[in-house]
Amino acid sequence: MASFAELCSPPSACPTRSRRAFVWALLLATLLAGAFTLAAPAAQAQISYDARYRPQADYRFVETDRFEWIYPAGADTTTALFQNALRRSFRSTRSVVGTDGADFELPVVVDPISGRANGFVTPVNFRSHLFTAHPTFSFGAKFDSWAQTVAPHELTHAMHFEIDPGVGLGGLLGLFSEDASRLVHGLAPRGWFEGAAVYRESQLKREAGRLDAPLQVMKYRAALGSEDPWSVGEVMYGSVFERPSRRHYLGGGQLIEHMAHERGSTDFFRRATRWHHRLPFLGFGAALWMGTGQTPAQLSDSFLDEERQEERRRLDSLRQAAEQGVTDPQVVAGTEGLHVRRPYWLSDSALVAYASGYATRPGFYRIDARSGERTVIGHQAITPGYTYALGPDTTALYFARPHADLLVENATTLKAHRLDLQTGRTRLVSETGGTFTPARAPGGAVWAARRDGSFSELVTLGDEGATPQADRPALRYKQVAPSPSGDTIAVLANAGGRQGLYRFAPSTATLEPWLRFEGGSIYDVSWGPEGRYVLFAADPSGIANVYVLDRRGGDVRRLTTVRYGALEPTLSPGRTRVAFARYRHERFELATIPFRPDSPRPVAKVERDWAPRGGVLTASADSAASRAGAGRRVSGAADAPQDGFYSDLDAASLRAQSHPYEAWRHLFPRSVTPVLRGAWDLLGTSVDGENLGLGPGARISGADPLGRWAYNVRGFYQADRLWGDVSVETGLVPGTPSLTVFNGPVEAVRETGAGASRLEAFELRGLRLGVDQRFAFRKNVYGTSLTASLAGEYRQSRPITAGGAAEAGFTGRATLRSDLTFNYRVQKNIRDLVPSTGVRLSTSAEVDVLTPADATPSRYLQQQIDVFWPLLSGHNVGLRTSASFLTQSRRSFFDVQSFVPRGYQGLDRALPGTGNYLRLGAKITQPLWYIDTGSVMLPVAVDALYGYGLGQAQYRVAGAGPALDKRRASVGGGLGLRLRPFGGISLNLEVGVSYRIDARGENRWAPHLR
């Protein structure tokens, strides 16, 4: 292991001698704890490898120097774009992250199943997934392609997972499973590794990454300018109940940049990451201290002080440069957490806009232009770019939203809809998938953009599908807007990192460049009445502001000067006012200003009718143009970097080198971990009998990158015999069926006739066949889904001695188990702790279909229905009523502690026995404080403090109705805390007191912890 001094650079970042002694003491304690962890059964967390069902496309496989490419046939060009982006950014990304070793390899799955523009890296079954679809909003407006944006970002994560940890807890895990070691890296705060990836992406091209993109950085600047700027703990762990939801990307990237600028390098990232990998249970504060030489408090103070000073200087400069002052609009609607996006005027006194908020259900709303009063039109999801359009007769809206696949998890496709403004009803415009930004032109045609690999194309939609209109490949369309007369279609599109306006003439079927800024991007477009004025938002000054183009004279003028951002302008029918969305901290306000097109405002130099240049490769092999035989090459931009994109020849070469993907070639073991059965017996047991002793062994697991097959094999030696189990799961068909064969010993405590307890040993063998499937019926503002699992098991058991010898013959039992969870129209707003509306039905059952003659058949059924009421949803109050039914053939044979009313847990005689039981309950949850921050000193994020009150009553059902003499009832309340250990899945910790109405012989008041 490298000495501690070698890990500190520069010297000023090294801790003092006393700090070193403290660190070495912690490291020694960690090694001892790690050794005990490997021996203790409670800490033997086994990594499970699962299969995943996906459409069985013709996947191809190509292996390069550093990457293994798995992609569907036909996506050769998209894969070539990703390959080029990773190859060109490999060395510089490695220098930022500090990954050790020259043998870095990464499987990459080019994934077409999702309509989202995204990518991710998973440490378990280590691989990266890169989605082919480009964003429908303007993220990455200055990147040459979506591949150039997402691929290096995800490569940063992959290299982070591969940092050599050295000696420590994570290093010990790595001796048995590299995936387990990578998983410890994933326990770092999200703001740490997302911040590093954002920092890396922002180095790829000037003013392109999130640290420079105006629509991204405006959210960070607004937080700095607020009375409550983000702390280091907030940017490290991200937000759950506060907007923006991705502050860990924005703030984390700014923090990493701050430290890199202060220290002159990013060596601190590797040092801190390694120390956290060694001591993950201490939280990230110690690792941050060791990696940077500053305590978290010192780092937070220096970071915030410098950033706030810079923001004050920026605002002062803005005020001085504004000739007519900073725009002070009339705010029609604007409260904390409320986002009002893309307004359109219905009349001079009313607007329609898409709104969502802390206590506002997402959807389209009619808004009074004077009072700001909102009236819901329809609750609908929408694409992230909010690119819907008002119909020419102002009676309907046209929008797109994602549709979930019924069987394939996370698979979505975009489809266009029409929303009637009077009835709120919607219907599909077309069944064509991958369509977005629909807009109806006068005369009836609905124009839209359709996904085409990593690019998109201009189409018209009809009952029979989509008809391509413009033969211009290698564009990323953002918005389509027909003029009021229908003679011109304004198209916002991106070509090679230059985002501007194009115009399409339906009469001549020509798409030509129209208007763009030399040093900025255009983000949206709308037509004024009669089509004389075209309004849009652009950022040539580094801040998105509202601009207007007068088609009569060709003048372009700026209408606003705002501090952070102004977007989506629209002109009133009387041409007197402009409405737009203005960003401030935690909100997008609906604001209006007088329309003064002759007002002198500085305008950056614009480009008109520029010569079309692609900047990226042209018609892709997986594009509609190529499928039609119209493939061609577009020359690169004059200022394109030397690490330009692959040509068509490279895509053809990729096809030539590829061969069919074969899962069996990728099923080598990924994890070999130790097993120690019966380790708790080392601590001693108070029950005499047949103790089987220790069972050392190993578990071997693996899966292929696509998840078509997964397996887990375990073997151990105990009671003088070799035991084990084997499970295999496949994703070739829905339900991901699994087969498990097992043979192992079990210990059971039995009551003797004298009332004493005795430990008895049994051999249990058999097989289990199961399926598990989620059905997504509707994924909209209201969600409806069913999660179902069914397992059949045949097992044989016989008593054995402590030495493993049989004491009797086998007896067999066959059992069916099922679990169902059905969610009907369930919905939660951002700050709802529980759903604000909907119904949830859950069922768990087990029944014997074959039972030994002298045994009691096993029968168990528990059903629960929860109804969530929206009565106080405007205050984020959660109100739930529930009814549960339980029947079982043995007393507490199953875990029914949760069925007992609050305050009765732990009382054996309160547990339901054999028979039928009914439980009724109600619970109200009131948020008290949205803390929504993490601690770098403790590995936990604390999201919210809430109060709750509840009442429950349990009855034994006998004969015609509940037997009141068997009732157990309580009322109570207390405080709850919403936590995220290691920033992961949310957990609720509730502490309260219950009044046991039917207590018999006990104190009626009982504390409870849950």
Side-chain angles (χ1 to χ4, degrees), residues 46-76 79 82-83 103-113 120-130 158 161-162 176-183 407-411 654-673 675 697-715 724-743 767-773 791:
Q46 303 289 347
I47 296 181
S48 178
Y49 291 85
D50 303 315
R52 178 186 177 186
Y53 171 68
R54 63 172 57 239
Q56 300 307 312
D58 177 17
Y59 277 88
R60 312 294 295 175
F61 177 79
V62 174
E63 187 172 6
T64 62
D65 292 341
R66 305 263 183 200
F67 306 100
E68 296 177 345
W69 294 93
I70 303 167
Y71 67 95
D76 309 276
T79 305
F82 284 133
Q83 180 189 18
D103 56 349
F104 176 89
E105 292 184 356
L106 176 66
V108 182
V109 178
V110 178
D111 207 332
I113 69 169
F120 66 89
V121 177
T122 175
V124 178
N125 197 6
F126 182 54
R127 66 195 187 280
S128 175
H129 280 249
L130 301 176
F161 287 140
E162 289 287 80
F176 305 97
S177 171
E178 292 184 357
D179 284 353
S181 179
R182 297 184 185 102
L183 190 60
L407 299 176
V408 182
E409 186 177 3
N410 295 327
L654 190 71
R655 287 193 298 273
Q657 297 175 35
S658 69
H659 56 81
Y661 173 80
E662 297 173 303
W664 65 271
R665 295 182 180 273
H666 305 268
L667 290 176
F668 52 87
R670 298 200 59 87
S671 175
V672 182
T673 54
V675 171
R699 175 185 172 116
I700 302 174
S701 305
D704 70 290
L706 278 183
R708 290 185 172 179
W709 294 95
Y711 64 90
N712 295 277
V713 180
R714 183 181 62 159
D725 51 71
V726 178
S727 66
V728 179
E729 188 177 39
T730 180
L732 293 176
V733 295
T736 56
S738 62
L739 175 65
T740 303
V741 180
F742 56 90
N743 184 23
L767 58 88
R768 182 185 305 112
L769 178 64
V771 292
D772 192 343
Q773 180 65 55

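One is the number of the first residue; the rest follow in order along the sequence. In this text, all values refer to a predicted model and were calculated from it rather than measured experimentally.
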Does a salt bridge link Asp76 with Arg60, judged by any charged N lying under 4.0 Å from a carboxylate O?
->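 No.
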Spacing of [X] atom [atom1] and [Y] atom [atom2] [to the nearest 0.5 Å]:
| X | Y | atom1 | atom2 | result |
| --- | --- | --- | --- | --- |
| Tyr661 | Asp58 | OH | CG | 13.0 Å |
| Leu130 | Gln83 | CG | CD | 12.0 Å |
| Ile113 | Arg52 | CD1 | CZ | 4.0 Å |
| Leu667 | Ser701 | CG | OG | 12.0 Å |
| Leu732 | Arg54 | CG | CZ | 11.5 Å |
| Asp725 | Asn743 | CG | CG | 9.5 Å |

Is [X] reaching over with its side chain to a backbone N or O of [Y], donor-acceptor style, under 3.5 angstrom?
| X | Y | answer |
| --- | --- | --- |
| Glu63 | Glu68 | no |
| Thr730 | Arg708 | yes |
| Glu729 | Ser727 | no |
| Asp179 | Asn125 | yes |
| Arg127 | Pro705 | yes |
| Gln773 | Gly735 | yes |
| Asp704 | Trp709 | yes |
| Arg670 | Phe668 | no |

Test item: [X] and [Y] side chains (from C-beta on) under 4.5 Å apart, heavy atoms:
| X | Y | result |
| --- | --- | --- |
| Tyr71 | Asp111 | no |
| Tyr49 | Ser671 | yes |
| Phe126 | Leu106 | yes |
| Phe104 | Phe67 | yes |
| Val108 | Phe82 | no |
| Ile70 | Leu706 | yes |

So is Arg182 actually on top of Phe161's ring, under 6.0 Å and inside 45° of the axis?
->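 So Arg182 doesn't make the cation-pi contact.
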Check the pair Thr736 / Val771 against side chain to side chain contact (heavy atoms under 4.5 Å, CB included), numbers first and verdict last.
-> CA-CA 6 Å; Thr736 56; Val771 292; over 6 Å; no
Show your reasoning for whether side chain to side chain contact (heavy atoms under 4.5 Å, CB included) applies to Phe742 and Arg768.
-> CA-CA 8 Å; Phe742 56 90; Arg768 182 185 305 112; 3.8 Å; yes
Shortest non-hydrogen separation from Ala51 to Ala710 and the atoms involved |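 Minimum heavy-atom separation between Ala51 and Ala710: N-CB, 3.7 Å.
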What pair of heavy atoms forms the shortest contact from Pro112 to Pro72, and how long is it?
->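 Looking at all heavy atoms of both residues, the shortest contact is CG-CG, 3.7 Å.
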Side chain to side chain contact (heavy atoms under 4.5 Å, CB included) assessment of Arg665 paired with Phe61 | CA-CA 11 Å; Arg665 295 182 180 273; Phe61 177 79; over 6 Å; no
